[in-house]
There are 2 protein chains.
Amino acid sequence: MQKRGFMKEKKEDRRISRTRKLMHEALMSLIVEKGYESITVQDILDRADVGRSTFYLHYRDKDELLLSSFEHLRTLFEQQQQELVASRRTGKDPEVYFILELFRHTGQHHKLYKAIAGRQSGEMILKYLHRYLFNMLIGPNTELMKKRKAPPVPIEITTHYLVSALLSLLTWWLDNNMPYPPEKMDEIFRILATPTIEAAFGRKTTIHPAGSQKAFYDLFVDGDCCPDK
Amino acid sequence: MQKRGFMKEKKEDRRISRTRKLMHEALMSLIVEKGYESITVQDILDRADVGRSTFYLHYRDKDELLLSSFEHLRTLFEQQQQELVASRRTGKDPEVYFILELFRHTGQHHKLYKAIAGRQSGEMILKYLHRYLFNMLIGPNTELMKKRKAPPVPIEITTHYLVSALLSLLTWWLDNNMPYPPEKMDEIFRILATPTIEAAFGRKTTIHPAGSQKAFYDLFVDGDCCPDK
DNA sequence: TTCATTAGTGAACATTATGTTTGATAAAAG
DNA sequence: CTTTTATCAAACATAATGTTCACTAATGAA
């Protein structure tokens, strides 16, 4: 997407990256501590130790900072996804792994996601996630559409329905401190959603387990995720 | 619940009912106009033409007023439900009608519900609705539980999943200006959800159409709901 | 190293909303 | 008619937001 080399793409003033990072970290730690809503810009300023004017030089408001932080996580998730796809050449059903990896990823960053998506922070992020997953799933589904001429339910509705259902499972899992491992949640989603997919499109779907991954964004890899492996 | 007669249970100062009603109406019309979030207490004061102190004499804040208004609607819905149950002595599967009536009811008050539950007003109401529906559905489901010894998915999760799915359909419907009649939405929900229920509990569910109902809360019965009957 | 450029500072300020308090007023209830 | 109680207006304290500006310091390119 961007010009220049491969390892180095430096064009940004160090000060900028520095203050941005400070503000992100401040926001993140504050979210974990007291939840997004109750955080004030002043809180962020104090924690990050930056001037008021500096904040508004970078972001329009609290929400924009949150969104920006969240996009970090999304990027990370996508990198992990790609690594996984690259490392495995089984090839088939990439969207099947997707859901398991989604649970894995959010589990790894559960403190953040719980604070961010656990209903405590505005629906903004949930909306974002919804859109993201919707686009992720609409591809495979439109393919399926071609096989069945007149599906009993409009595909848009089915997709919306399934995304919401998946998200509900995810937020439930986070809100309840992840009482099951990601694999179990993945299985549950399959059990509950597969018959719906079959009813809406008429097709068999298969079930797979999947692999592992690595940690980044060190400060917020939370450690104590899930009871047993 | 309360003491005294049958038709008359007046114990409340007229002034109280009057100002409360004024504030409710103010909030409702404002929600329809500009969405909940952007409404300020001052807006409500101006529209209702009540003093600032009066407002805080009745409600702690905006949210409490909204919640109170919403409970009005819930009461109305329950009345309609009971009338329906009373008028029909077919008796079986009362929860089957429930979903259709839910769509009918929200369709009738779509302006309010769209403003209130259409993602524009905080998740507060959605949460409330979720809890409400959850309790509504947990009864029938625990019955089903007894039939199957070890359901493959914990009932709590299944219920949560189904409620979320139902709500997603409902909000989608409202957000998209109710492109289908309630009957169609009811059918769609059945198509999508029934196989899940069967997978989670192992049982057949039947499909019914249902009747009509009446209007109240006149100011906000919106009229132009849904394309064709 | 030098130096023009760019980012960060902090303090003041305007603005907007919230929620509380007061004593006076008017409308109910009995 | 009298007592009680809800409402009112107005002022107030508080708190958060977002902007401005002149000053300072770090940066990176020459």
Side-chain angles (χ1 to χ4, degrees), chain A residues 2-5 7-27 29-31 33-69 115 120-122 124, chain B residues 2-5 7-27 29-31 33-69 115 120-122 124:
Chain A
Q2 268 151 325
K3 293 181 177 182
R4 280 286 163 182
M7 298 288 270
K8 291 180 183 181
E9 292 190 9
K10 292 187 182 181
K11 273 258 166 178
E12 204 182 49
D13 195 309
R14 283 186 210 142
R15 288 170 291 179
I16 293 183
S17 343
R18 186 182 136 274
T19 37
R20 290 227 165 113
K21 196 178 165 197
L22 281 174
M23 291 198 284
H24 278 134
E25 288 172 356
L27 177 65
S29 62
L30 281 166
I31 283 181
E33 278 175 34
K34 48 187 281 192
Y36 177 72
E37 308 290 7
S38 62
I39 296 174
T40 133
V41 174
Q42 192 61 49
D43 290 337
I44 302 169
L45 268 35
D46 292 344
R47 173 91 34 125
D49 196 33
V50 278
R52 186 164 204 77
S53 34
T54 309
F55 179 94
Y56 289 104
L57 213 67
H58 289 273
Y59 306 99
R60 198 185 298 101
D61 51 28
K62 222 176 60 170
D63 285 4
E64 202 173 289
L65 174 58
L66 176 65
L67 203 63
S68 157
S69 295
Q120 159 130 245
S121 126
M124 189 185 35
Chain B
Q2 267 152 327
K3 292 182 178 181
R4 279 289 164 180
M7 296 290 270
K8 292 178 180 179
E9 293 189 10
K10 293 187 179 180
K11 275 253 166 180
E12 204 182 50
D13 196 309
R14 283 183 211 144
R15 286 170 292 180
I16 293 183
S17 341
R18 184 182 137 275
T19 35
R20 288 228 166 111
K21 197 178 163 197
L22 281 174
M23 290 198 283
H24 278 132
E25 289 173 354
L27 177 65
S29 63
L30 280 167
I31 283 181
E33 279 175 32
K34 48 187 282 193
Y36 178 71
E37 307 291 6
S38 63
I39 296 174
T40 133
V41 174
Q42 192 60 50
D43 290 337
I44 302 169
L45 268 33
D46 292 343
R47 173 91 34 123
D49 196 33
V50 280
R52 186 165 203 75
S53 33
T54 309
F55 178 92
Y56 288 104
L57 214 67
H58 289 272
Y59 305 99
R60 198 184 299 101
D61 51 28
K62 223 177 56 170
D63 285 3
E64 203 173 288
L65 174 59
L66 176 64
L67 203 62
S68 155
S69 295
Q120 158 130 247
S121 126
M124 189 183 38

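Note on naming: letters A, B, ... go to the chains in the order of the sequence lines (proteins, then strands), and numbering restarts at 1 for each one.
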J.: Just compare dA6(D), dT27(D), dG8(C) and give me whichever is closest to any side-chain atom of T54(A).
T.: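 The listed nucleotide nearest to T54(A)'s side chain is dG8(C).
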J.: Can you tell me how far P of dG18(D) sits from CD of E64(A), to the nearest Å?
T.: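 So the CD-P distance, E64(A) to dG18(D), works out to 11 Å.
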J.: Does a nitrogen or oxygen in the side chain of Y56(B) sit under 4.0 Å from OP1 or OP2 of dT20(C)?
T.: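 No, no such contact exists.
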J.: Atom CG of L22(A) and atom P of dT9(C): how far apart are they, to the nearest Å?
T.: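 Taking CG of L22(A) and P of dT9(C), I get 9 Å after rounding.
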J.: Judged by each residue's nearest nucleotide on DNA chain C, which is more toward the 5′ side, R14(B) or I39(B)?
T.: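 Its nearest nucleotide lies further toward 5', so the answer is I39(B).
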J.: Which residue, V41(A) or D13(B), contacts DNA chain D at a nucleotide closer to its 5' end, judged by nearest heavy atom?
T.: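 Looking at the nearest nucleotide for each, D13(B) comes out on the 5' side.
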J.: Report yes if some heavy atom in the side chain of D61(B) is under 4.5 Å from a heavy atom in the side chain of E64(B); otherwise report no.
T.: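 In contact.
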J.: Go nucleotide by nucleotide along DNA chain C from the 5' end; which of R18(B) and K62(B) gets its closest nucleotide reached first?
T.: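 Residue closer to the 5' terminus by nearest nucleotide: K62(B).
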J.: CD of Q42(B) versus C1' of dA10(D): gap in Å, rounded?
T.: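 It works out to 12 Å between those atoms.
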J.: Which pair of heavy atoms, one from A26(A) and one from I44(A), lies closest together, and at what distance?
T.: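 So the two residues come closest at CB-O, 4.0 Å.
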J.: Under 3.5 Å, is there an N or O donor on one side and an acceptor on the other linking the side chain of R15(A) and the base of dA26(D)?
T.: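 For R15(A), whose side chain was compared with the base of dA26(D), there is a donor-acceptor pair (under 3.5 Å).
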J.: Whether H58(A) contacts dG8(C) is assessed here as follows: a side-chain N or O lying under 4.0 Å from the phosphate OP1 or OP2. Is that the case?
T.: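 Yes.
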J.: Does D43(B) reach the main-chain N or O of T40(B) with its side chain, forming a donor-acceptor pair under 3.5 Å?
T.: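 Looks like yes, one N/O pair under 3.5 Å.
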J.: Consider side chain to side chain contact (heavy atoms under 4.5 Å, CB included). Of I16(A), L65(A), V50(A), which one does H58(A) pass it with?
T.: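 Only one option passes, and that is I16(A).
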J.: In whole angstrom, give the distance that lies between atom CE of M23(A) and atom C1' of dA7(C).
T.: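 Roughly 11 Å, once rounded to whole Å.
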J.: Taking atom types as they are modelled, would you say the side chain of R52(B) forms a donor-acceptor pair with the base of dG19(C) within the 3.5 Å cutoff?
T.: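 Yes, a donor-acceptor pair under 3.5 Å.
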J.: Touch check for S53(A), heavy atoms < 4.0 angstrom, all strands: base, sugar-phosphate only, or nothing?
T.: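 The answer is base, as S53(A) lies within the cut-off (heavy atoms under 4.0 Å) of a base atom.
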J.: Quickly work out the D61(B) CG to dT20(C) C1' distance and round it to whole Å.
T.: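 Rounded to the whole Å, the gap is 14 Å.
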J.: Grab the CZ-P distance between R60(B) and dT18(C) for me, whole Å please.
T.: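 Taking CZ of R60(B) and P of dT18(C), I get 15 Å after rounding.
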J.: If you look at every strand shown and take non-hydrogen atoms under 4.0 Å, does T40(B) touch a base, only sugar-phosphate, or nothing?
T.: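 Answer is sugar-phosphate: T40(B) comes under 4.0 Å of backbone atoms only.
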J.: Rounded to whole angstroms, how far apart are CD on E12(A) and P on dA29(D)?
T.: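 It is 13 Å, rounded to the nearest whole Å.
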J.: Just checking D43(B): base, sugar-phosphate only, or nothing, at a heavy-atom cut-off of under 4.0 Å?
T.: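 The residue D43(B) makes no contact with any strand.
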J.: Contact class for L57(B) (heavy atom, under 4.0 Å): base, sugar-phosphate, or nothing?
T.: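 Answer is base: heavy atoms of L57(B) come under 4.0 Å of a base.
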J.: Hey, does the side chain of D63(A) reach the backbone of L66(A) with a donor-acceptor pair shorter than 3.5 angstrom?
T.: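 No: the side chain of D63(A) does not pair with the backbone of L66(A).
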J.: Check the distance between dA16(D)'s P and E37(A)'s CD and give it to me in whole angstrom.
T.: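 Rounding to the nearest Å, CD of E37(A) and P of dA16(D) are 15 Å apart.
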